[in-house]
Amino acid sequence: MTPFTESVIRIIKSIPTGKVMTYGQIAKLAGNSRGARQVVHILHSMSEKYELPWHRVINSKGEISIKDEASRFEQITLLLNEGIEFDLYERIDLEVYQYHPPSNFLFK
DNA sequence: TAAATGACAAGTG
DNA sequence: CCACTTGCCATTT
C-alpha cells in the first residue's frame, strides 16, 4: 500500500458525522493535488474493508457523483440521516458542510 | 503495449 | 451559474 493510499484512508476516516469532503481536497491533503481519480479507485476498492464513510465524499461542486440510481439514493439517504441538507438540485452547500481537517492531524 | 474508463477538477467564455 | 474543454493517472480491457 502506497503512502498516498494510507493517507487517503486516514483522512476519509477522520471526516466527522454530518460533514463532507471533496475528492480533490482529499487527494491534495494526501500529497497529490492531481490524484482525485485515485481517491475514487480507493473508495471503490477499499470502502468495505476499511469501513470508510464513503458517503461523506462528494465532488467539488457539492454534488453526488454516483450515476447508479440505487447507490445514489443510498448516499443521499445516509447524508440526510446525518443532518446534511440538499438544495432542490440535490446539491450540498460546501460553505456549510465541508470539513477542513487540522493541518497537523496527519502527523499525530 | 495501447486504448478506454472513471463516484474528478480547474480553467475559460 | 452553466456548458464545454483540457488535464489527470491508476486500473481495466
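In this text, all values refer to a predicted model and were calculated from it rather than measured experimentally.
Taking a 6.0 Å sphere around CD of A:Glu85, one finds it holds 12 or fewer heavy atoms contributed by other residues, nucleotides or ligands.
Within a heavy-atom distance below 4.0 Å of DNA chain B, no residue of residues 69-82 of chain A is found.
Between the side chain of A:Tyr23 and the base of B:dA7, a donor-acceptor pair under 3.5 Å is found.
Heavy-atom distances to DNA chain B give each of A:Gln38 and A:Asn59 a nearest nucleotide, and the one nearer the 5′ end belongs to A:Gln38.
Rounded to a whole Å, the CG atom of A:Asp87 is 12 Å from the C1' atom of C:dC1. Rounded to whole Å, atom P of B:dA7 lies 18 Å from atom CD1 of A:Ile92. As rounded to whole Å, 7 Å separates atom C1' of B:dG6 from atom NE2 of A:His44. Summarising the geometry, the separation between CG on A:Leu52 and P on B:dA7 is reported as 16 Å, rounded to the nearest angstrom. One interatomic measurement links the two molecules: CZ of A:Phe4 to P of C:dA10, which rounds to 9 Å at whole-angstrom precision.
Listed pair A:Arg91 / C:dC2 meets the phosphate criterion, a side-chain N or O lying under 4.0 Å from OP1 or OP2.
With C:dC9, B:dA7, B:dA9 as the candidates, the nucleotide lying closest to the side chain of A:Val40 is B:dA7. Distance from the side chain of A:Ser60 is smallest for B:dA9 among the nucleotides B:dA9, C:dA10, B:dC8.
Annotation: B:dA7 and C:dG7 have their P atoms spaced 22 Å apart (nearest Å).
Side-chain atoms of A:Arg91 do not come within 3.5 Å of backbone N or O of A:Gly62 as any donor-acceptor pair. With A:Gln75 contributing its side chain and A:Ile58 its backbone, the two residues share no donor-acceptor pair below 3.5 Å.
Contact annotation for A:Arg37: base contact, defined as any heavy-atom pair under 4.0 Å involving a base atom.
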